[in-house]
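Position 1 is the first residue of the sequence; numbering continues from there. Only heavy atoms go into these numbers, but all of them, side chains included; no hydrogens, no water, no symmetry mates.
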Amino acid sequence: MIAGSFGLKDRKEDVESDATTPVFPTVAQPSSIHLPTYANRYTDIPRLNRLKFIAKVCPKLRVPALELAINHIKTTYNVKLYDELYKTLSAAIDKKKAQMDMDEAASTSKGNASQAGYIKKGAVPYDAYWVEDNTMESTLLQQELDAELNYRKANSGSAKVRLILEEIGDYHLKSHNLKMAVKYYGRARQYCTNSDNVINMFRNLIRVSIYMANWWHVLTYIEDAKKYAFGFDNLSQKVPPRLNCAAGLANMGLKIYKTAAHCFLLIPFDRYDFDNIVAPEDVSYYAGLCALATLDQEMLDLGCINSEGFRPFFQLSPQVLSLLTTFHAGDLDHCLLLLHQIEDHVRLDYYLAPHVDTLFDMIKVRIQKKRVPKVPPAAKTTQRLKIINERTKYSHEMN
């Protein structure tokens, strides 16, 4: 797929995950989340993925999440998804209206009154003009980019060819054609003229592979990027830490939770630049839950709770730090209470939700084991001697 070295030649084409879509529990009582503020943490495909996921698992937020998703999709070239989201929104509003007609008393309550007024105004109008205009613009832009690429290959140097390949990759990304985006970002490799170009190529491939949830590809691209960076003094210290979040996501996606915890905990706060995919507030949840489920007591203390480098992340989500400190201090009932309090919030997270049940079960098992008092070695020895003496006495009596 990608010409050149660094372990990328002859790699199979990235494909989107075709695994069976998991069924997620419905979040009936979402945490006090201000959806527009939440959505604004992210950009592009990550924002859209998160809004679609919230609409799927949380009935109370379904309509506003779909409206925000539709507003965002109109900044892209994905007309097909616009149609799908609009149909889903219309169906959600019709269903809500039918429920309210069946339960008139509920519609007069304070909790549903604002929702009633919201439903009465109906769905946002279908923007047929945007659909037509956007389709034409997308077609013309693709033709223009293809013609520009052919011209650059025939008349320009490597730098300009690389730039147009990246533009075509960006175009396909904006069209949500992720396979084609990977293809053109990868083709830019042979036209890279300096180390920064190569690192940027790897970051593009890692980013799109995350969108596709191709976790093994993410890890392979990270490894290739690190190997390349180690050949340059100015990159060997700068590049690897910037890839820790992607590595943590990939390992968490593959359910390798202990490695994921270590990767997240190594993210440098002052150089964190994956925030358009994973907000800093999210990092503390990912790291905290993976660490609490897998790390031993000493590592949990030194590498997580008292980590100076990671503390700024915990300051953005203090409830996660409270969860860890209560467990470490042995306040297990309070720890379970805090775990319950964050459950609805983490079940709304696009990347963390598939792992909530597993991580919570692992944490609860650790809590249960910690409740059982450990028998000191001396006590065990005394108990064994007592049993031996009793057996010897019984044997003498029988004889």
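Remark: the Asp83 side chain and the Tyr126 side chain contain an N/O donor-acceptor pair separated by less than 3.5 Å. Side chains of Arg207 and Asn204: a donor on one and an acceptor on the other come within 3.5 Å.
Within the structure, salt bridge (charged side-chain N to carboxylate O under 4.0 Å, His left out) pairs that include any residue of residues 236-262 comprise Arg242-Asp273 (at least two apart or interchain). Residues in residues 294-312 take part in no salt bridge (charged side-chain N to carboxylate O under 4.0 Å, His left out) pair, two or more places apart or across chains. Annotation: ring pair (Phe, Tyr, Trp, His ring centres under 6.0 Å) contacts involving residues 281-301, sequence neighbours excluded, comprise Phe264-Tyr286, Tyr285-His345.
In this structure, Asn251 contributes its side chain and Ala247 its backbone to a donor-acceptor pair below 3.5 Å.
Here the side chains of Leu48 and Ile73 are in contact, with some heavy-atom distance below 4.5 Å. When side chains are defined from C-beta on, His172 does not count as touching Tyr185, because their heavy atoms never get closer than 4.5 Å.
For the pair Arg50 and Asp349, the salt-bridge criterion is met [side-chain N within less than 4.0 Å of a carboxylate O].
For Trp130, the ring-ring contact (aromatic ring centres under 6.0 Å, His included) partners are Tyr82, not counting sequence neighbours. Residues satisfying the side chain to side chain contact (heavy atoms under 4.5 Å, CB included) criterion with Asn276, sequence neighbours excluded, are Thr43, Tyr211. Taking the ring-ring contact (aromatic ring centres under 6.0 Å, His included) definition, one finds that Tyr38 meets it with Tyr42, sequence neighbours left out.
Following chains of ILVMFWY side-chain contacts shorter than 4.5 Å, one can reach Val182 starting from Trp216, so the two form part of one hydrophobic cluster.
Aromatic ring centroids of Tyr272 and Phe269 lie 6.0 Å or more apart.
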